[in-house]
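Data first, discussion second: the structure below is written as structure tokens.
Atom set for the values below is all heavy atoms of this structure, side chains included, hydrogens, waters and symmetry mates excluded. Note that the structure is predicted; figures quoted are calculated from it, not measured.
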Amino acid sequence: MPKEYRTIQEVAGPLMLVRGVENVTYNELGEIELENGELRRCQVLEIDDGNALVQLFEPSTGINLSTSKVHFLGHSMRLGVSEDMLSRVFDGLARPIDGGPEIIPEERRDINGLPMNPASRAYPEEFIQTGVSAIDGLNTLVRGQKLPIFSASGLPHAQLAAQIVRQARVRGTDENFAVVFAAMGITFEESNFFIESFRESGAIDRTVTFVNLANDPAIERIATPKMALTTAEYLAFEKGMHVLVVLTDITNYADALREVSAARKEVPGRRGYPGYMYTDLACMYERAGRQTGRKGSITMIPILSMPEDDKTHPIPDLTGYITEGQIILSRDLYRKGVKPPIDVLPSLSRLKDKGIGDGKTRADHANTMNQLFAAYARGKDARELMMILGEAALSDMDKLYVKFSDEFEKRYVSQGYQANRSIEETLDLGWELLRILPRTELKRIKDEYLDKYYAKPEN
């Protein structure tokens, strides 16, 4: 029976100080029993010479210092995992909120997980099809990769996240594929949008959903992605599934870290965020990957909204250091009506060349990808020149490149949030757009592919 303490010294907001504790450890869970028998949960934030500073998961209202009791549970936060979690919706602490029964766990796991041994990591190199041309064709996602989406306030990252969850799949019907979706600090309307979107498309059958709302406690927001990743590790490495983890919004998670850090009176780092935020984000992101000798994999798409559209803000800045690239959403493209407004030129997938080519996508993929990038970049430069000097300043070839860049944004990047394009459809569309330019301009494509694909198909 855990020892009970009646030595609550102070309660300040979500924090509580308990004196004279023994054998209590950092991150340990506890329960506070009120005079009326109500139980509230807490977690140890700091332990110092017999004094424990704990953070409450529920409000501190009604806690009486003299009559309330505290006992510690002897372990950190654990999650009961089971394959039955697929198709279910949970809150940020893994309690069912879909009206279904409690999960009967096959095992219980510490949500903090263990770092993956670098020597046991397998190199990510297998293509995942998201059905979004700007990702599949130009910034390809591969199994085991961490590919964040950098968005900003008011941009449609929620629609893009829902689209990826609905459409993402591993090519080949024999593969067992699952999605773990965790939303942090979102509104009830956003939560409803995601859940209804998954239900309508049937994607919810292979999805585990965790939802932490904006009015939930900050400490719960910090636990939510860890719950999601613990579930993903179980499904991937125990059940052999290929798991896609989508986390939105990492900015809300980092703000919760800052809130807890400020409550503990820690010395702040850049923009008030704690100095250990890089370590914290790295511990989370590095749980994705593939392991040698195990069939499953964890691929991660963290989504973050950049405050003030600033790529140098600590959250996108640190995320960019840890992950293998980024997909950047553009406010200019959003104003033009491009859906999704993915800015392909500054976007980058550092592993894209590992997941494309013959046997993975198609032999011409790398050549057409490089040519599309080059032609779009030249078209954008020509368009800027035209805006300054007028159309008369452009050569006939420059005008073709401007036409190409306009068509590329309208037809290739902009596909709407319901269109699910196969990689073959994406590559064929790329060739269709490249035919706007004369064959002599396509210097990045081998002749064998030009001979095969450049000629206009017969009607």
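- Heavy atoms from other residues, nucleotides or ligands lying under 6.0 Å from OH of Tyr276 number more than 12.
- The shortest distance between side-chain heavy atoms of Ile47 and Val21 falls below 4.5 Å.
- No side-chain donor-acceptor contact under 3.5 Å links Thr312 and Asp317.
- Within the structure, side chain to side chain donor-acceptor pair (under 3.5 Å) pairs that include any residue of residues 339-349 comprise Gln145-Ser349 (at least two apart or interchain).
- Shown here are the side chain to side chain donor-acceptor pair (under 3.5 Å) partners of Arg206, two or more places apart in sequence or in another chain: there are none.
- Between Leu56 and Met16, some side-chain heavy-atom pair lies under the 4.5 Å cut-off.
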Verify salt bridge (charged side-chain N to carboxylate O under 4.0 Å, His left out) between Arg41 and Glu58, making sure each step is shown before the conclusion. CA-CA 7 Å; Arg41 288 164 310 159; Glu58 286 97 5; 3.3 Å; yes
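- Side-chain atoms of Tyr234 and Glu106 include a donor-acceptor pair closer than 3.5 Å.
- Judged purely by distance below 3.5 Å, without hydrogens or angles, the side chains of Ser87 and Asp205 never pair a donor atom with an acceptor atom.
- Using modelled atom types, no side-chain atom of His75 and backbone atom of Leu29 make a donor-acceptor pair closer than 3.5 Å.
- Judged by distance alone, the side chains of Arg143 and Thr299 never bring a donor and an acceptor atom under 3.5 Å apart.
- Taking the side chain as every heavy atom from C-beta outward, Leu247 and Phe181 never approach each other to under 4.5 Å.
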Dump the intermediate steps for side chain to side chain contact (heavy atoms under 4.5 Å, CB included) on Val208 and Val179, then the final yes or no. CA-CA 6 Å; Val208 184; Val179 177; over 6 Å; no
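- A perpendicular orientation is assigned to the rings of Tyr321 and Tyr278, their planes being inclined by more than 60° (bins at 30° and 60°).
- A heavy-atom distance below 4.5 Å is found between the side chains of Leu138 and Leu372.
- Taking the six-membered ring where the residue is Trp, Phe198 and Phe194 present tilted rings, their angle falling between 30° and 60°.
- Residue pairs meeting the salt bridge (Lys or Arg N to Asp or Glu O under 4.0 Å) criterion with at least one member in residues 223-233, sequence neighbours excluded: Glu233-Arg287.
- Here the side chains of Arg166 and Gln418 are in contact, with some heavy-atom distance below 4.5 Å.
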Show your working on side chain to side chain contact (heavy atoms under 4.5 Å, CB included) between Tyr273 and Ile315 and close with a plain yes or no. CA-CA 9 Å; Tyr273 291 97; Ile315 303 168; 3.5 Å; yes
Side chain to side chain contact (heavy atoms under 4.5 Å, CB included) between Val142 and Glu126, worked out: CA-CA 5 Å; Val142 299; Glu126 294 158 297; 5.8 Å; no
Could you check Thr207 against Val165 for side chain to side chain contact (heavy atoms under 4.5 Å, CB included), going step by step and ending with a plain yes or no? CA-CA 8 Å; Thr207 304; Val165 170; 4.1 Å; yes
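- Checked against Leu429 for a side-chain contact (heavy atoms from CB on, under 4.5 Å), the options Arg411, Glu424, Gln415 give a single hit: Arg411.
- Residues Thr25 and Glu28 bring a donor and an acceptor atom of their side chains to less than 3.5 Å of each other.
- Environment of CD in Glu259: sparse, with no more than 12 heavy atoms of neighbouring residues, nucleotides or ligands closer than 6.0 Å.
- Applying the 6.0 Å contact sphere to CD of Glu308 captures no more than 12 heavy atoms from other residues, nucleotides or ligands.
- Of the residues listed (Ile250, Thr248, Asn252), the one engaging Leu304 in a side-chain contact (heavy atoms from CB on, under 4.5 Å) is Ile250, and it is the only one.
- Considering CZ of Arg258 and CD of Glu266, their distance stands at 13.5 Å, rounded to 0.5 Å.
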